[in-house]
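See structure below.
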Amino acid sequence: MTSKLLFHDVHAILIPENISKTRIDIMRQRLTEKGGTVVTSTSTKVTHIITAHQCLHQVLGFLKLDTLPPDCKVVSPDFIAKSIQHGCLEHSGCEVQFIEPALPKKTESVIRVLDSDEELSEAETEPLDDYEQQLMESMWSESQAATTETDNEFENPPSIYSEATNAEATSNSNQTERKKIIIPEALLRYMNASPNSSENKNQHITDEFTRLVKRAETEGNQWRIRSYKKAVKIISKLSFRIMSKEDVKGLKGIGKNMTLKIEEILRTGYSLKAHTIPEKFGPLEKFKNIYGVGEKIAEKFYTIGYRTLEDVKSKATLTRDQQLGIKYYDDFLQRIPRSECSKIAEFVTKMVHELDANLICRMMGSYLRGSETCGDVDFMITDPNGLPNEGLLESIVLKLKNVGFILENLSSPASEDGHERIWRGICKLAGVGIARRIDILIVPFDELGAATIYFTGNTEFNRCIRLLARKMGYSLNQHGLFRKGPNGEKTLVASKTEQEIFDILGVPWKPATERNI
DNA sequence: TAGCAGTGTAA
DNA sequence: TTACAC
DNA sequence: GCTA
Ligand SMILES: O=c1ccn([C@H]2C[C@H](O)[C@@H](COP(=O)(O)OP(=O)(O)OP(=O)(O)O)O2)c(=O)[nH]1
Ligand SMILES: [Mg+2]
C-alpha cells in the first residue's frame with residue numbers, strides 16, 4: 001500500500017445543508033477510509049470546508065464565524081469523488097466561487113410571491129400547501145443558518161429534501177382539487193441523489209438503445225430522440241440486470257414500444273431496427289453534421305438528389321453559417337479532450353483578465369459538468385461590479401482575434417433587450433490543429449444565478465427545471481425566475497444566485513457534475 | 001390526444 | 001413561419 | 001417516443 005493515504009492531511013468540515021444525508025454519509029465514509037479527518041468544530045485545525053452553499057454568509061452562518069479559518073479551502077461536495085477519481089486532491093473546479101446576493105432581501109421577495117399566490121389561487125395556478133411549506137422552510141432554514149444554531153452537527157439537511165417524490169402526499173392534501181405539481185422524473189433522480197456508482201448492468205440493452213437514439217437523430221424526430229435518450233439514462237442506472245419485460249413494467253419512460261425492443265434484445269441479442277439503417281440515412285447524417293443544417297434541410301438536399309458533401313458544396317445555396325460548417329466540417333466532428341478545454345479556459349481567462357482583472361470568466365457547459373470530452377467550449381463572463389461594460393464583448397472578441405485565437409464569427413443572438421450578450425464563433429488554440437466551436441456569454445451580475453443554471457445545463461436538466469417552474473406558475477429562463485401574472489405579465493422573482501432560484505423551486509442545489517441527468 | 005423549455009437569428 | 005442553434 |  002502507498003504509505004500516505006489520499007486524504008491524509010485533510011481535516012474537513014462537512015456542511016450538511018442542502019446535501020442529502022445519504023450523500024453526507026458516503027462522503028464521510030470515503031473521506032475517513034482514505035485517511036481524512038472529519039472535524040465538527042473550528043476550534044481544531046481545518047483544511048477544507050465541504051459545502052453545497054454558494055454564499056459565504058451561509059457558510060459562515062453555519063460555522064458561526066465572522067471569517068473563514070486561515071489556510072482553509074471551501075470546496076463543493078464533489079471534491080471527494082473527484083479527488084478519489086484523480087488520485088490526488090482535486091481543488092481545481094471544486095473550489096467554491098462565492099456569490100453574494102447584492103441585497104439579501106430574500107424574505108421580502110419570497111413573501112411577495114406568497115401573496116401573489118394567494119391572489120392567484122382561484123385563477124387556477126395553484127401550488128401552495130406542501131409547496132408553501134417548502135418555501136417557508138427554505139426561508140426559515142436560511143435565516144437560521146445565518147443567525148444561529150443548527151442544533152447539532154450533522155443530520156438536519158432541510159427536511160424538504162429528504163425524499164422528494166411525486167406520490168400522493170396523503171396527510172393533508174384534501175381541500176379543493178388542486179392540480180398536483182408533478183416533478184419530472186429525471187429531476188427527481190437528481191433530487192434524490194442516488195450515488196448509485198455501480199456500473200451499468202444492462203449495457204447490452206443500452207448499447208442498442210443508443211443506436212436507436214442515433215437513428216432517431218438522423219430521422220430528426222425530436223421527441224423520439226428525447227425519449228430514447230431518457231430511456232438510456234434510466235436503464236443504465238438500474239441496480240439490477242433486466243431479465244424479462246416484467247423487470248421494466250412500471251418504469252416511467254419505458255413504454256410499450258421500448259418494452260418490445262427490450263424483449264427483442266433479451267431474446268435475440270439485438271434490435272433489428274437499430275441495425276437496419278436505410279441507405280438514405282448515410283447522406284442524411286452527413287448533411288446533418290454540417291453546422292446550420294438540420295433534419296429538414298438534410299432531407300431537402302437528399303430529395304434534390306445530393307448524396308455527398310461535394311454535391312452540397314458545389315450545388316447548394318448555403319447560408320454563411322452553413323458555409324463555415326462545411327469549411328470546418330471535419331474539425332467540428334471531433335470532440336474536444338478535456339485537457340484541451342482546460343488549456344483554452346486558461347488562455348481565454350488570461351486574455352479576459354488582461355482587459356479587466358476584475359472580470360469573472362468561467363468555462364461552462366459540459367466542461368463544468370466534468371465531461372472528459374466536450375462538443376464545444378462555452379464561456380460565461382461577468383463583471384462582479386454590476387453591469388458589464390458596453391462593448392466588453394467586442395473588446396474580448398477583438399483581442400482574441402488579434403492573437404489569432406478566434407478565427408470566425410457565426411451568427412449570434414443580439415442583445416435581446418437587457419444587458420446579456422451572446423457571441424458564437426470558431427476558435428483554434430495555438431499548437432492544436434483543430435478548430436473548435438466557441439460560445440461566449442456576457443451576463444450582468446444581477447442575472448448570474450439564472451445564467452449559471454442555463455449555461456451549466458445539461459439541456460435535459462434545463463428543460464426539466466423549466467418545466468417544473470412552469471407547473472408551479474413561474475417561468476425560468478437565462479435571465480431569471482419570473483412569476484406569471486393573470487394577464488400574462490411576468491415579474492422577476494429571483495435571478496442573482498442559483499441558490500435562491502433552486503430554493504424557490506424546492507430543488508436542492510448541487511454542483512454541476514450532478515446535473516448530467 | 002395534447003404536451004413535452006425558452007429564446008434568438010436567418011431566410 | 002419554418003428551420004436551426006444554444 | 002412516453003405520459004396523464
Ligand atoms: O437546447 C439547448 C442547448 C443548450 N442549452 C444550455 C445547456 C447547455 O449545457 C449549455 C451549453 O450548450 P452546449 O450545446 O454547448 O451543450 P453542452 O452541455 O456544453 O454539451 P457539449 O459538450 O455538446 O458542448 O446551454 C440549453 O439550455 N438548451
Ligand atoms: Mg458546450
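Chain letters run A, B, ... following the sequence lines, proteins first, then strands; residues in each count from 1.
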Checklist entry - In whole angstroms, how far is the P atom of B/dG3 from the CD atom of A/Q222? => result 14 Å
Checklist entry - Quick one: ring-ring contact (aromatic ring centres under 6.0 Å, His included) partners of A/F209, sequence neighbours excluded? => result A/Y228
Item to check | Side-chain (A/K288) to main-chain (A/E217) donor-acceptor, under 3.5 angstrom | outcome: yes
Checklist entry - Contact class for A/Y454 vs. all strands (heavy atom < 4.0 Å): base, sugar-phosphate, or nothing? => result base
Item to check | Nucleotide B/dC4, atom C1' - distance to CD1 of A/I181 in whole Å | outcome: 17 Å
Which atom pairs link the protein and nucleotides 9-11 of chain B when you take only N or O atoms and keep those under 3.5 Å?
{"residue": "B/dT9", "atom": "OP1", "partner": "A/A414", "partner atom": "N", "Å": "2.9"}

Next on the checklist: Any non-hydrogen side-chain atom of A/M351 less than 4.5 Å from a side-chain atom of A/F405?
Outcome noted: no
Item to check | Within 45° cone of A/Y190 ring axis and under 6.0 Å: A/R515 NZ or CZ | outcome: no
Item to check | Strand contacts (DNA chain B) in residues 278-290 of chain A, 4.0 angstrom heavy-atom criterion | outcome: none
Item to check | Atom-to-atom span, CD of A/E185 to C1' of B/dG3 - whole angstrom | outcome: 16 Å
Checklist entry - Which residue lies toward the 5' end of DNA chain B, A/W223 or A/K490, if each is placed at its nearest nucleotide? => result A/W223
Item to check | Spacing of CD1 belonging to A/I504 relative to CG belonging to A/L476, to within rounding of 0.5 Å | outcome: 10.0 Å
Checklist entry - Which part of the nucleic acid does A/E295 contact within heavy-atom distance under 4.0 Å: base, sugar-phosphate only, or nothing? => result sugar-phosphate
Item to check | Spacing between A/K471 atom NZ and B/dG3 atom P, to the nearest angstrom | outcome: 13 Å
Item to check | Test side chain to side chain contact (heavy atoms under 4.5 Å, CB included) applied to A/A316 - qualifying residues, sequence neighbours left out | outcome: A/F301, A/Y306, A/V312, A/L318
Next on the checklist: Among residues at least two apart in sequence or on other chains, which ones pass salt bridge (Lys or Arg N to Asp or Glu O under 4.0 Å) with A/K214?
Outcome noted: A/E285
Checklist outcome for this item: note: A/N462, atom CG; B/dC4, atom P; distance rounded to Å ~ 16 Å
Checklist entry - With rounding to whole Å, what would you report as the distance between B/dA5 and D/dT3 at their P atoms? => result 15 Å
Checklist entry - How would you list, by chain and number, every residue that makes a side chain to side chain contact (heavy atoms under 4.5 Å, CB included) with A/I434, sequence neighbours excluded? => result A/D331, A/Q334, A/V432, A/R436
Checklist entry - Which residues satisfy the ring-ring contact (aromatic ring centres under 6.0 Å, His included) test with A/F379, sequence neighbours excluded? => result none
Show the distances under 3.5 angstrom between N or O atoms of the protein and N or O atoms of nucleotides 2-4 of chain D.
{"residue": "D/dC2", "atom": "OP1", "partner": "A/G255", "partner atom": "N", "Å": "3.0"}
{"residue": "D/dC2", "atom": "OP1", "partner": "A/M258", "partner atom": "N", "Å": "3.0"}
{"residue": "D/dC2", "atom": "O3'", "partner": "A/G253", "partner atom": "N", "Å": "3.3"}
{"residue": "D/dT3", "atom": "OP1", "partner": "A/G253", "partner atom": "N", "Å": "2.6"}
{"residue": "D/dA4", "atom": "OP1", "partner": "A/K252", "partner atom": "NZ", "Å": "3.1"}

Item to check | Contacts of type ring-ring contact (aromatic ring centres under 6.0 Å, His included), residue A/F332, not counting sequence neighbours | outcome: A/Y328
Next on the checklist: Is it the case that the side chain of A/E460 and the backbone of A/I517 share a donor-acceptor pair, with hydrogens and angles ignored and the cut-off at 3.5 Å?
Outcome noted: no
Item to check | Between P of B/dC4 and CG of A/L468, the distance in whole Å | outcome: 14 Å
Item to check | Range on DNA chain C touched by chain A - first to last nucleotide, heavy-atom distance under 4.0 Å | outcome: C/dA3 to C/dC6
Checklist entry - Can you name the side chain to side chain contact (heavy atoms under 4.5 Å, CB included) partners of A/E346, sequence neighbours left out? => result none
Next on the checklist: For a quick check of understanding: with a heavy-atom distance under 4.0 Å over all strands, which category does A/R215 fall into, base, sugar-phosphate or nothing?
Outcome noted: nothing
Next on the checklist: Please tell me if A/R470 has a side-chain N or O lying less than 4.0 Å from either OP1 or OP2 of B/dG3.
Outcome noted: no
Checklist entry - Is the phosphate of B/dA5, meaning OP1 or OP2, less than 4.0 Å from a side-chain N or O of A/R466? => result no
Checklist entry - Counting any heavy atom closer than 4.0 Å, what does A/L441 reach on the DNA or RNA strands: base, sugar-phosphate only, or nothing? => result nothing
Next on the checklist: Would the distance check show the side chain of A/T308 and the main-chain N or O of A/D311 forming a donor-acceptor pair, the cut-off being under 3.5 Å?
Outcome noted: yes
Next on the checklist: Once side chain to side chain donor-acceptor pair (under 3.5 Å) is applied, do any residues pair with A/S412, and if so which ones, sequence neighbours excluded?
Outcome noted: none
